[in-house]
Amino acid sequence: MRDAYHEELDSIGDGLVEMARLVGSAIGRATTAILDSDLKLAEAVIEGDQRVDELQHELEARAITLLARQQPVATDLRIVVTSLRMSADLERSGDLAQHVAKLARLRYPERAVPHDLHATILEMGQLAQRLMAKAAEVIITKDVDLALQLEQDDDAMDLLHRTLFQHLMDDRWKHGIETAVDVTLLGRYYERYADHAVAVAKRVVYLVTGEHPGGLQADIQPTTQVEGA
């Protein structure tokens with residue numbers, strides 16, 4: 001019985017990793033769709049989010065079954081409860097990738113992103129994908145230092161977000177109100193996506209240490225930087 005119990009706990013972790021990989025791929029493909037005005041790819045991202053939702057529902061069902069049948073002790077209870085919270089962060093990340101794809105579909109055949117912001121949005125998309133890949137690695141390895149590093153890496157996304165607003169507030173902005181709204185929304189989507197990746201990593205820290213990561217410091221330096229920074 002205990003072997004089956006721990007196998008079920010492991011399966012919850014595997015489900016989280018699969019969710020992280022799916023939403024990481026989704027944000028990368030959604031970025032390509034928004035920048036290239038690729039309707040087919042946008043539709044694929046939108047439809048693919050259903051699988052992320054299904055995985056979350058499956059994970060929740062397994063977690064509830066464990067809670068009901070096994071009455072886990074403190075450490076295992078922390079695993080189950082924290083995993084549920086991580087699944088919610090990952091599901092929301094998938095929704096944000098879907099939002100990017102839906103904006104691409106809405107503006108098709110036009111491009112939602114003006115040429116002079118193409119590089120910034122591309123970098124935000126690539127950074128979001130790297131952050132989620134690192135979050136997936138943290139789930140697998142339970143590496144606290146790597147988890148803490150994500151919060152530092154997220155500073156690069158905040159910088160890119162500010163760069164977008166600098167363009168929007170520039171007197172030389174010439175792309176109109178509709179495009180300004182689109183760019184504002186995109187910036188928010190990517191920034192929130194990165195926040196969810198960081199939240200997943202923080203939950204792993206709590207899972208491993210039993211402490212919230214506010215006072216902890218990573219032993220390694222952030223590796224994700226904004227180009228030219």
Side-chain angles (χ1 to χ4, degrees), residues 1-29 45 47-98 128-154 192-220 223-224:
M1 286 293 294
R2 298 303 295 177
D3 287 344
Y5 167 58
H6 286 291
E7 284 177 8
E8 195 66 20
L9 275 178
D10 290 343
S11 75
I12 290 174
D14 292 342
L16 291 170
V17 172
E18 185 176 356
M19 287 182 73
R21 287 173 174 166
L22 284 174
V23 301
S25 173
I27 198 66
R29 292 183 297 139
V45 173
E47 293 173 8
D49 188 56
Q50 182 177 350
R51 178 55 185 155
V52 176
D53 294 342
E54 290 172 353
L55 280 170
Q56 187 195 23
H57 296 156
E58 291 169 9
L59 189 149
E60 286 179 345
R62 289 198 297 268
I64 290 170
T65 298
L66 276 178
L67 290 173
R69 293 182 179 177
Q70 301 294 339
Q71 298 181 338
V73 295
T75 301
D76 290 344
L77 180 61
R78 191 164 73 230
I79 292 173
V80 175
V81 173
T82 304
S83 296
L84 285 171
R85 291 174 175 170
M86 283 194 281
S87 74
D89 283 312
L90 293 169
E91 188 274 335
R92 184 58 184 147
S93 299
D95 287 346
L96 290 163
Q98 187 184 58
Q129 192 168 8
R130 291 198 298 273
L131 287 170
M132 191 56 71
K134 190 174 286 187
E137 185 177 353
V138 167
I139 295 171
I140 295 169
T141 63
K142 306 296 189 293
D143 187 325
V144 170
D145 284 332
L146 187 61
L148 293 172
Q149 182 186 318
L150 254 80
E151 188 166 13
Q152 298 174 56
D153 290 344
D154 183 48
R192 290 298 299 141
Y193 183 101
D195 287 345
H196 284 295
V198 171
V200 168
K202 285 182 174 182
R203 296 191 198 286
V204 173
V205 173
Y206 174 70
L207 185 66
V208 173
T209 67
E211 299 178 23
H212 294 286
L216 301 176
Q217 298 293 327
D219 290 337
I220 50 182
T223 57
T224 304

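All residue numbers refer to positions in the sequence shown, counting from 1.
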Novice: Listing request: all salt bridge (Lys or Arg N to Asp or Glu O under 4.0 Å) pairs with a residue in residues 78-88, at least two apart in sequence or in separate chains.
Specialist: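 Residue pairs passing salt bridge (Lys or Arg N to Asp or Glu O under 4.0 Å), neighbours aside: none found.
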Novice: Sequence neighbours left out, cut at 3.5 Å: what donor-acceptor pairs do the side chains of residues 10-18 make with other protein atoms?
Specialist:
{"from": "S11", "atom 1": "OG", "to": "E8", "atom 2": "O", "distance (Å)": "2.7"}
{"from": "S11", "atom 1": "OG", "to": "R62", "atom 2": "NE", "distance (Å)": "3.3"}

Novice: Considering all heavy atoms of both residues, which atom of L131 and which atom of A194 are nearest to each other, and what is their separation?
Specialist: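 The pair with the smallest heavy-atom distance is CD1-CB, 3.6 Å.
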Novice: Looking at residues at least two apart in the chain, or sitting in another chain, which of them share a side-chain contact (heavy atoms from CB on, under 4.5 Å) with E91?
Specialist: M19, D53, Q56, D95
Novice: Please find the pair of heavy atoms, one from L96 and one from Y193, that lie closest to each other, and give the distance.
Specialist: CD1-N, 3.5 Å
Novice: Looking at E54, I'd like to know if its CD atom is crowded, meaning that more than 12 non-hydrogen atoms belonging to other residues, nucleotides or ligands lie closer than 6.0 Å.
Specialist: yes
Novice: Please identify each residue that fulfils salt bridge (Lys or Arg N to Asp or Glu O under 4.0 Å) with E137, with sequence neighbours left out.
Specialist: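 Residues passing salt bridge (Lys or Arg N to Asp or Glu O under 4.0 Å) with E137: none at all.
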Novice: Residues two or more places apart in sequence or in another chain: which of them pass side-chain hydrogen bond (donor to acceptor under 3.5 Å, both in side chains) with T65?
Specialist: none
Novice: Please report the interatomic distance CZ(R130) to CG(L150), rounded to the nearest 0.5 Å.
Specialist: 11.5 Å
Novice: Would you please name every residue forming a salt bridge (Lys or Arg N to Asp or Glu O under 4.0 Å) with D49, sequence neighbours left out?
Specialist: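 Once residues adjacent in sequence are excluded, D49 has no partner under the salt bridge (Lys or Arg N to Asp or Glu O under 4.0 Å) criterion.
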Novice: Less than 3.5 Å apart, which donor and acceptor atoms pair up between the side chains of residues 195-207 and the rest of the protein, not counting sequence neighbours?
Specialist:
{"from": "D195", "atom 1": "OD2", "to": "R192", "atom 2": "NH1", "distance (Å)": "3.0"}
{"from": "H196", "atom 1": "ND1", "to": "D89", "atom 2": "OD1", "distance (Å)": "3.0"}
{"from": "K202", "atom 1": "NZ", "to": "E151", "atom 2": "OE2", "distance (Å)": "3.4"}
{"from": "R203", "atom 1": "NE", "to": "D89", "atom 2": "OD2", "distance (Å)": "2.7"}
{"from": "R203", "atom 1": "NH2", "to": "D89", "atom 2": "OD2", "distance (Å)": "3.3"}

Novice: Measuring from atom NZ of K134 to atom CG of D143, what distance do you get when rounded to the nearest 0.5 angstrom?
Specialist: 10.0 Å
Novice: Please identify each residue that fulfils salt bridge (Lys or Arg N to Asp or Glu O under 4.0 Å) with E47, with sequence neighbours left out.
Specialist: none
Novice: Count the heavy atoms of every other residue, nucleotide or ligand shown that sit under 6.0 Å from CZ of R51, and state whether that count exceeds 12.
Specialist: yes
Novice: For I27 versus A128, what's the shortest heavy-atom pair and its separation?
Specialist: CG1-CB, 4.0 Å
Novice: Between S83 and I79 (side chain of the first, backbone of the second, donor and acceptor by atom type, cut-off under 3.5 Å), is there such a pair?
Specialist: yes
Novice: What's the spacing between L59 CG and L90 CG if we round to 0.5 Å?
Specialist: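 These two atoms lie 9.0 Å from each other.
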Novice: Could you check whether any side-chain heavy atom of V23 comes within less than 4.5 Å of a side-chain heavy atom of R92, counting everything from C-beta outward?
Specialist: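 Sidechains of R92 and V23: no contact.
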